[in-house]
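Note sheet for the following structure.
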Amino acid sequence: MNKKTFTLGIFGGGQLGKFLVQSAKKLNIRTFVFTDSIDSPAIYHSDDFIISNYKNKKKLDFFIKNIDLATFEFENIPFQTLDYVEKKITVSPKPSIIRILQDRLKEKNFLNSIGIKTTEFYYLKKVNKRKINNSFFPAFVKTTRFGYDGKGQIFFKDKKNFLKYSFKNNEYIIEKLVNFKKEISIVISRNKSKTVAFDAFENLHKHQILQKSKIPANISRKLNNEAKEISKKIIDKLNYIGTMCVEFFVTKENKLLVNEIAPRVHNSGHLTLNAYNVSQFENHIRAVCNLKLKKPKRIYQATMYNILGFDIEKYRSKNITKNEFFYDYGKKEIKDKRKMGHLTKII
Ligand code: ADP
Ligand code: MG
């Protein structure tokens, strides 16, 4: 393999990886994808790829030998893998930070310790279930790790149902339901010298999966700036290099609660591909490669719609107008609720 130019290694081969690879190409950066799935959209665009279990040391050694730096498109890469790679090459953002953000309990404790408000919660291992007040319900029980798109979550209307449920283990938190006014997110990038953030995206979820995101979010300038300041405080405190997404609930009283942080580029930021001067993907590549970050400037109003499961078939035969951008991720297998593509409409 030819390793004359800078090569960025990316763990994970999904649509986020595919957009990262395409952004890297624009910046003349070679990419090498390491994925554990044969159905990985990113591998059709990267310069090289490996399909292997994430713990295969031989494959990891080959990967490390042929890249200059590693990053990832999803946070659930095994710790052993990230630790192994980090001993030999820089991984950005740092695995020690991912350890915090991969775990809902550690993440919430960290946020609260720096004075940032989250939803009210208990760690099931450390609480007497019977002592939780009736008024705490309705509530969501969430696995501390590996949850996404609502996976690993159970909703309890009342305490009676909660007490009847037998949990496999105690690695859960229970979180009070927030009667939010809306959900927003901030995508923010940081390199060694600077931080830049997009204005808030307004997000609508259906069955706990993102359905659509729009810009500008219908919130006050003050709230938008507050969300950006909170996100800046988080990324600075963590000394984080790369792009992250902070998801917020806006309460009925116009207060912000952090729901969770994704230590990577995020679905709600897809519309930056078409509606901004720079995409979240390009700024992630710039951040980890310590290139100059681009200050985001919005060009259009836009709405992004996720296309899940078999809905993709309708879109494949739909007429796309000049103000619409259709992305088919090219996944081979269509599965119910699987993210298959998205459509962004600009105004
Ligand atoms: P995931 O990792 O699956 O994205 P989230 O915690 O972000 O997990 O939950 C997905 C969605 O479910 C949220 O965006 C929100 O719409 C809803 N949800 C989760 N927790 C709560 C809560 N405590 N109160 C109200 N809605 C919630
Ligand atoms: Mg979420």
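Predicted model only: the values in this text are computed from it and were never measured. Note that ligands are numbered from 1 as they come in the structure, with each ligand's atoms numbered from 1 the same way.
- Under 4.0 angstrom from ligand 1, the non-hydrogen atoms of Gln153 all belong to its side chain.
- Minimum-distance N/O/S atom of Glu247 relative to the Mg ion (ligand 2): OE1.
- Using a 4.0 Å cut-off between heavy atoms, Arg104 contacts ligand 1 through its side chain alone, with no backbone atom that close.
- Centroid-to-centroid, the aromatic rings of Phe156 and Phe137 stay 6.0 Å apart or farther.
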**OP:** Show the numbers, then the answer: is there a salt bridge (Lys or Arg N to Asp or Glu O under 4.0 Å) between Arg99 and Asp83?
**Re:** CA-CA 11 Å; Arg99 273 195 153 75; Asp83 287 346; 3.4 Å; yes
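- Aromatic pair His266/Phe201: centroids not less than 6.0 angstrom apart.
- Aromatic ring orientation, Tyr327 versus Phe19: perpendicular (interplanar angle above 60°, classes split at 30° and 60°).
- A distance below 6.0 Å separates the ring centres of Phe167 and Tyr165.
- Among Glu183, Glu247, Lys151, the residue whose heavy atom sits closest to atom 14 (O) of ligand 1 is Glu183.
- Near Gly147, meaning under 4.0 Å from any of its heavy atoms, are these atoms of ligand 1: 2 (O).
- Ring centroids of Phe34 and Phe49 are separated by 6.0 Å or more, keeping the two rings apart.
- Residue-to-ligand polar distances keep Thr119 apart from ligand 1: every N/O pair is separated by 3.5 Å or more.
- Ranking the protein heavy atoms by distance from atom 1 (P) of ligand 1 puts Glu260 OE2, 3.3 Å first.
- If you look at Phe140 next to ligand 1, the close heavy atoms, those under 4.0 Å, all belong to the side chain.
- Of the heavy atoms in Asn259, only side-chain atoms (C-beta onward) come closer than 4.0 Å to ligand 1.
- Short contacts between ligand 1 and His205, defined as distances under 4.0 Å to a heavy atom of the residue, involve ligand atoms 14 (O), 16 (O).
- When ring centroids are compared, His205 and Phe180 stay outside the 6.0 Å threshold.
- Taking the Mg ion (ligand 2) as reference, the nearest N/O/S atom within Glu260 carries the name OE2.
- Note: Tyr123 and Tyr172 fail the aromatic proximity criterion, with ring centroids not under 6.0 Å apart.
- Annotation: side chain of Lys142 is in contact with side chain of Glu175 (closest heavy-atom distance under 4.5 Å).
- Taking every heavy atom of Asp149 and a limit of under 4.0 angstrom, the matching atoms of ligand 1 come to 1 (P), 3 (O).
- For Gln208, heavy-atom contacts with ligand 1 shorter than 4.0 Å involve the backbone as well as the side chain.
- Contact check for His270 versus Gln280: side-chain heavy atoms found under the 4.5 Å cut-off.
- Residue contact annotation: Asp149 places no N/O/S atom under 2.8 Å from the Mg ion (ligand 2).
- The shortest N or O to N or O distance between Gly150 and ligand 1 is below 3.5 Å.
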